[in-house]
Amino acid sequence: MKTILCTRLNLQYPLVQAPMAGVSTPELAAAVSNAGALGSISVGASTPEQAEVMIGKTQALTAGPINVNVFCHPPVQRDAALEQAWIQRFAPLFRQYGAEPPAKLSEIYQTFQDNARMLEVLLTLRPAAVSFHFGIPSTAFIARLKAHGIVTFASATTPEEASRIAASQIDFIVAQGIEAGGHRGQFNLQDDDRRLTTFTLVQAIRRVTDVPVIAAGGIMDGAGMAAMLKLGAAGVQMGTAFILCPESAANQAYRRSLQSPQAADTVMVSAISGRPARCINNAFCRFTRDVAQDSIPPYPLTYALGKALAAAAAARGEPGFGAQWAGQGATLAREMPAAQLVQTLVAEWQAG
């Protein structure tokens with residue numbers, strides 16, 4: 001079954017490996033693309049110089065199309081009192097693990113909004129696709145990418161966000177259901193999260209726009225892939241399903257958690273990074289369970305402390321403060337090379 005996603009990107013299969021900053025690698029993306037699906041990397045956590053190296057390495061490993069993901073979060077509004085209160089909240093925990101908390105929070109990730117240098121990297125290297133998370137860039141940025149033949153995707157968690165994506169002339173909408181692991185793609189965190197399932201969201205978006213939809217969230221096997229394509233999705237995006245692949249950058253503690261009974265318990269947490277994200281219910285989630293939302297500094301400032309705490313705890317043998325992002329279908333993850341996983345998923349889909 002060839003869909004418009006296959007046609008636009010010259011894919012054998014309507015399957016996208018999710019970008020997953022910190023987990024996806026050039027090797028993972030290239031293996032997926034070489035197997036006939038769309039491999040992805042994220043440069044949301046990279047400088048333009050780092051992004052140039054990562055994209056170039058991926059392109060050197062595959063002649064197939066790749067997707068490069070960027071973050072479109074709003075520029076940070078600083079609040080010194082809020083930030084210092086957050087640091088002090090965690091100071092005893094840092095000292096428990098033999099470390100000092102950071103003196104201040106830092107903006108560790110650059111937004112793609114108005115990031116002319118990152119845009120030039122993308123225009124120069126011309127990956128087949130560029131995807132946006134946490135919002136969408138300016139119409140001028142979108143127009144320049146499309147003028148260079150780059151296919152564009154953007155994540156939506158509601159039909160309203162999907163309508164904004166459609167109005168911006170972006171080519172594909174990634175319908176991110178509440179089941180998805182990692183960060184919610186919400187445009188505005190002040191809006192209520194309606195927490196729509198992938199099943200509901202795909203249908204709701206198709207009622208408000210004709211822009212093709214890629215289903216994302218909770219899809220872990222070929223049966224799930226078949227179900228979403230029957231609903232009219234042009235493709236499916238899977239992230240958690242690829243974490244156990246040997247080509248991913250997931251560390252051993254993350255892999256052990258994903259293979260343990262703990263993987264059945266995932267929760268939405270904002271305190272790790274400053275934005276809601278689905279994580280295996282680990283020590284960080286439990287420590288911050290009762291933290292008020294309005295006490296959390298904005299993304300990515302909060303993430304600077306979260307990463308420092310994870311490193312300090314891990315150095316003392318406690319891996320439970322890492323960002324162990326995973327979707328609700330995490331217990332269905334399988335450990336096998338990425339190319340083999342693609343072929344397994346396709347065989348399951350076609351058998352169904």
If only atom types and distance count, is the side chain of [X] paired as donor or acceptor with the main-chain N or O of [Y] below 3.5 Å?
X      : Y      : answer
Asn34  : Thr62  : no
Glu247 : Ala338 : yes
Gln96  : Pro92  : no
Arg334 : Ala241 : no
Thr111 : His73  : yes
Thr198 : Ala216 : yes
Ser295 : Ala292 : yes
Thr240 : Gly181 : no
Tyr303 : Arg275 : no

Go through it in stages, so that I can follow the logic: the residues are Thr288 and Arg89, the test is side-chain hydrogen bond (donor to acceptor under 3.5 Å, both in side chains), and I'd like the CA-CA distance, side-chain angles, deciding distance and then a yes or no. CA-CA 10 Å; Thr288 58; Arg89 178 189 293 272; over 6 Å; no
Test side-chain contact (heavy atoms from CB on, under 4.5 Å) on Ile178 and Arg278; report intermediate values, then the result. CA-CA 9 Å; Ile178 192 63; Arg278 185 171 293 284; 3.7 Å; yes
Show, in sequence, the C-alpha distance, side-chain angles and deciding distance for Trp325 and Val269, and conclude whether the side-chain contact (heavy atoms from CB on, under 4.5 Å) test is met. CA-CA 10 Å; Trp325 307 136; Val269 58; 4.2 Å; yes
Would you say [X] and [Y] make side-chain contact, with heavy atoms under 4.5 Å?
X      : Y      : answer
Arg255 : Leu244 : yes
Leu229 : Pro14  : yes
Asn67  : Pro19  : yes
Ser270 : Thr302 : no
Pro212 : Leu5   : no
Pro101 : Phe90  : no
Glu348 : Met225 : no
Arg184 : Gln176 : yes

Provide the closest heavy-atom pair for [X] versus [Y] in the form atom of the first, atom of the second, distance.
X      : Y      : result
Leu38  : Pro65  : CD1-O, 3.6 Å
Glu107 : Leu301 : N-CD2, 3.7 Å
Pro159 : Val208 : O-CG2, 3.9 Å
Ala234 : Thr3   : O-OG1, 2.5 Å
Ser24  : Leu28  : CA-CD2, 3.9 Å
Cys285 : Ile272 : SG-CD1, 4.5 Å

Quick check for you: to the nearest 0.5 Å, what is the distance between [X] atom [atom1] and [Y] atom [atom2]?
X      : Y      : atom1 : atom2 : result
Phe153 : Ser40  : CZ    : OG    : 7.5 Å
Cys72  : Gln113 : SG    : CD    : 5.0 Å
Thr331 : Asp265 : OG1   : CG    : 11.5 Å
Ile66  : Met54  : CD1   : CE    : 10.5 Å
Asn251 : Gln324 : CG    : CD    : 7.5 Å
Thr344 : Asp221 : OG1   : CG    : 11.0 Å

Criterion side-chain contact (heavy atoms from CB on, under 4.5 Å) on Leu145 and Phe132, from CA distance to verdict: CA-CA 12 Å; Leu145 289 166; Phe132 313 119; 3.7 Å; yes
Does any donor atom in the side chain of Thr157 or Gln186 lie under 3.5 Å from an acceptor atom in the other side chain? no
Between the side chains of Arg194 and Thr158, does any donor sit under 3.5 Å from an acceptor? no
Inspect the surroundings of [atom1] in [X] and state if more than 12 heavy atoms from other residues, nucleotides or ligands are less than 6.0 Å away.
X      : atom1 : value
Phe199 : CZ    : no
Lys2   : NZ    : yes
Lys57  : NZ    : no
Arg195 : CZ    : no
Asp191 : CG    : yes

Count I, L, V, M, F, W, Y as connected when their side-chain heavy atoms are under 4.5 Å apart, and connections chain through other members. Are [X] and [Y] then in the same cluster?
X      : Y      : answer
Met336 : Leu345 : yes
Phe172 : Val202 : no
Ile214 : Ile205 : no
Val16  : Met228 : no
Ile165 : Leu189 : no

Look at the aromatic rings of His133 and Phe71 and report parallel, tilted or perpendicular, splitting at 30° and 60°. tilted
Taking the inter-plane angle between the rings of Tyr97 and Phe321 on a 0 to 90° scale, is it parallel (under 30°), tilted (30 to 60°) or perpendicular (over 60°)? perpendicular
Cation-pi check, Arg164 to Phe187: give yes when NZ or CZ is under 6.0 Å from the six-membered ring centre and within 45° of the ring axis, no otherwise. no
Quick one, Leu82 with Gln77, criterion side-chain contact (heavy atoms from CB on, under 4.5 Å). Give me CA distance, side-chain angles, the key distance, then yes/no. CA-CA 11 Å; Leu82 180 71; Gln77 301 295 314; over 6 Å; no
Regarding Arg117 and Glu52, does a basic nitrogen lie under 4.0 Å from an acidic carboxylate oxygen? yes
Are Asp171 and Lys146 ion-paired here, with the side-chain N under 4.0 Å from a carboxylate O? yes
Taking the six-membered ring for Trp and the single ring otherwise, decide whether the centroids of Tyr299 and His183 are under 6.0 Å apart. yes
